[in-house]
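Below is one structure, written out as structure tokens; the observations come after it.
Source: prediction; values computed, not measured. Whatever order the structure lists ligands and atoms in, that order sets their numbers, starting from 1.
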Amino acid sequence: MTATVPREGQLWSRCGGCATLLYRKRLRRNLDVCPECGAHARLAAPERLLQLVDPGSFTVLPDRPAEIDPIGFVDLLPYPHRLTAARAGTGLAEAVVCGTATIGRHPCALAVMDFRFLGGSLGCVVGELITRAAERALTDGVPLVLVTASGGARMQEGALSLMQMATVSQAIAALREDGLLTVSVLTDPTYGGVAASFATNTDVVLAESGARMGFAGPRVIRQVTGRELPEGFQTADFLLRHGQVDMVVPRHALRGRLVALLAAARAGRRPASRPGVPRQEPSPLVARPADGQSAATPVGDAWETVRLARHPGRPTTLDYLETAFDGFVELHGDRLGADCPAVVGGLARLDGRPVMVIGHQKGHTTAELVGRNFGMASPAGHRKALRLMRLAARLGLPVVTLVDTPGADPGVSAEEQGQAAAIADNILALTVLPTPVVAVITGEGGSGGALALAVADRVLMLQHAVYSVISPEGCAAILWPDRGAAPQAARALRLTAPDLCRLGIVDDLVPEPAPGAHHDPEAAARALREAVLAHLLPLLDVPPATLVRRRRQRFRRFGAARLGARAGAR
Ligand SMILES: [Zn+2]
């Protein structure tokens with residue numbers, strides 16, 4: 001059902017569903033839905049807007065996206081060349097169009113993604129523009145409508161693209177606090193980082209007929225599990241059956257549904273209940289240099305670091321709980337039907353102070369690794385983590401997270417149980433958690449699964465850990481001719497601790513005993529303990545509201561304005 005957007009100027013186009021040759025004008029009159037089989041062809045953002053908003057009501061937001069290439073990414077082509085080609089091919093500046101409009105005379109702010117532009121991937125500019133659309137909704141006191149179409153995060157922008165999941169999520173959290181409706185419309189396809197953040201952590205989630213949404217794509221799941229996928233897997237009807245969307249809406253009914261939702265939200269909203277909207281404080285424009293020791297701590301080649309980060313002898317979360325913390329009391333279960341072995345958590349003491357520790361658990365032997373699903377959390381694992389974070393906040397305990405995962409579980413049942421929404425919920429909850437959070441990337445910080453535990457006041461990283469939007473192997477398989485290019489991809493992705501300190505994603509680097517933590521786990525534990533204490537203690541006296549505000553600023557500053565300024569200075 002993956003019909004392509006018909007190109008302008010063609011008189012006829014062939015339906016991607018039933019292969020019938022259709023007269024273009026007839027197809028366009030039918031909103032690009034095949035009159036023969038009902039297949040919904042993909043829409044470009046401008047066409048989608050024409051279908052949804054009142055004629056002439058759309059005003060594009062004035063922000064012009066910066067030209068950025070934050071990590072100087074090169075695969076077979078430099079990233080700027082791909083951007084230029086995408087601009088020429090779509091006539092758009094980026095993979096999203098944002099603005100204000102009325103729908104059935106109800107004002108709203110909108111962000112409409114366009115899959116034609118680099119697969120609708122979520123880069124810094126896309127994150128920045130959607131965040132500004134959300135901030136505009138907050139300022140105007142109107143609902144936010146997001147129309148998603150995306151293959152996931154934009155790997156050419158490395159871990160900075162991952163940060164956009166948090167940036168947009170906290171803007172959504174602000175709307176939620178202000179009682180403003182947020183609606184997402186899932187269109188085909190919506191995957192990865194977009195699915196695991198603002199596509200699913202809005203108030204109401206509509207899926208257009210035929211749309212597919214999931215955290216992991218079908219190709220990846222087939223590869224990992226070696227299983228054929230069930231009929232209709234990840235389609236709108238599948239999502240409805242598994243409780244992940246509010247409704248499935250055919251395209252011709254979409255505008256009407258939005259009108260009804262906006263009308264209800266407007267009626268329910270008390271007038272004059274809005275004192276001044278708190279403004280974002282201007283983001284600091286300075287690039288953060290690597291802190292103190294970080295600059296001097298040597299880290300080898302990126303691929304060598306990836307191998308060290310995956311070393312089976314590397315201390316696990318349970319090892320650190322044994323050595324760096326005291327009195328660990330493990331708490332189990334998500335209270336919804338499962339206890340995920342890939343995430344462990346509970347109460348512990350750090351230098352005599354009670355803390356909540358939550359981390360991914362791998363293992364040292366094959367049996368342990370299999371038993372812990374290689375540290376790949378299921379939705380139940382993310383929901384257990386969420387339960388423990390909230391418990392910590394209620395008890396006034398700080399949270400320490402230890403991140404070591406190749407990524408979230410990309411299996412069939414994980415998708416059935418709502419992996420994308422589970423990750424999205426954690427990211428959103430962490431952006432507003434009223435207690436200090438310190439995250440430490442101890443081994444592999446893999447993609448959205450890592451970020452689900454790493455939206456924190458301070459993000460630390462072990463010297464030989466890695467943190468990345470995609471595995472080097474996965475990146476190589478997509479952008480290079482073969483997986484053998486993983487070492488090159490590892491270098492291009494800028495996934496080492498010094499790289500991420502320079503980008504401001506990581507605040508401090510925790511030194512490891514040479515040649516790596518596996519060589520002397522006790523020394524590694526002492527270093528981790530000292531680093532966590534050094535960063536946690538100053539946070540304990542900060543009032544919760546200030547803490548949350550600063551945490552938001554921390555993630556807000558990954559927007560493109562700051563990066564554009566820096567890229568210009570390169
Ligand atoms: Zn058809």
Worksheet item: Strictly by modelled atom types, are Thr102 and Asp54 linked by a side-chain donor-acceptor pair under 3.5 Å?
Response: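 There is such a pair (donor and acceptor under 3.5 Å, judged by atom type) between the side chains of Thr102 and Asp54.
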Worksheet item: Quick one: salt bridge (Lys or Arg N to Asp or Glu O under 4.0 Å) partners of Asp75, sequence neighbours excluded?
Response: Arg82
Worksheet item: Under the salt bridge (Lys or Arg N to Asp or Glu O under 4.0 Å) test, which residues partner Arg383, sequence neighbours left out?
Response: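 Result, salt bridge (Lys or Arg N to Asp or Glu O under 4.0 Å) vs Arg383: none returned.
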Discussion item. Using the side-chain contact (heavy atoms from CB on, under 4.5 Å) criterion, which residues pair with Thr190? Sequence neighbours excluded.
Written reply: Thr148, Leu186, Val194, Ala195, Ala199, Met213
Item to complete: Could you name all protein N, O or S atoms found under 2.8 Å from the Zn ion (ligand 1)?
Response: Cys15 SG, Cys18 SG, Cys34 SG, Cys37 SG
Worksheet item: Taking the inter-plane angle between the rings of Phe555 and Phe558 on a 0 to 90° scale, is it parallel (under 30°), tilted (30 to 60°) or perpendicular (over 60°)?
Response: perpendicular
Worksheet item: Do Glu208 and Val249 come close enough that some side-chain heavy atom pair is under 4.5 Å?
Response: no
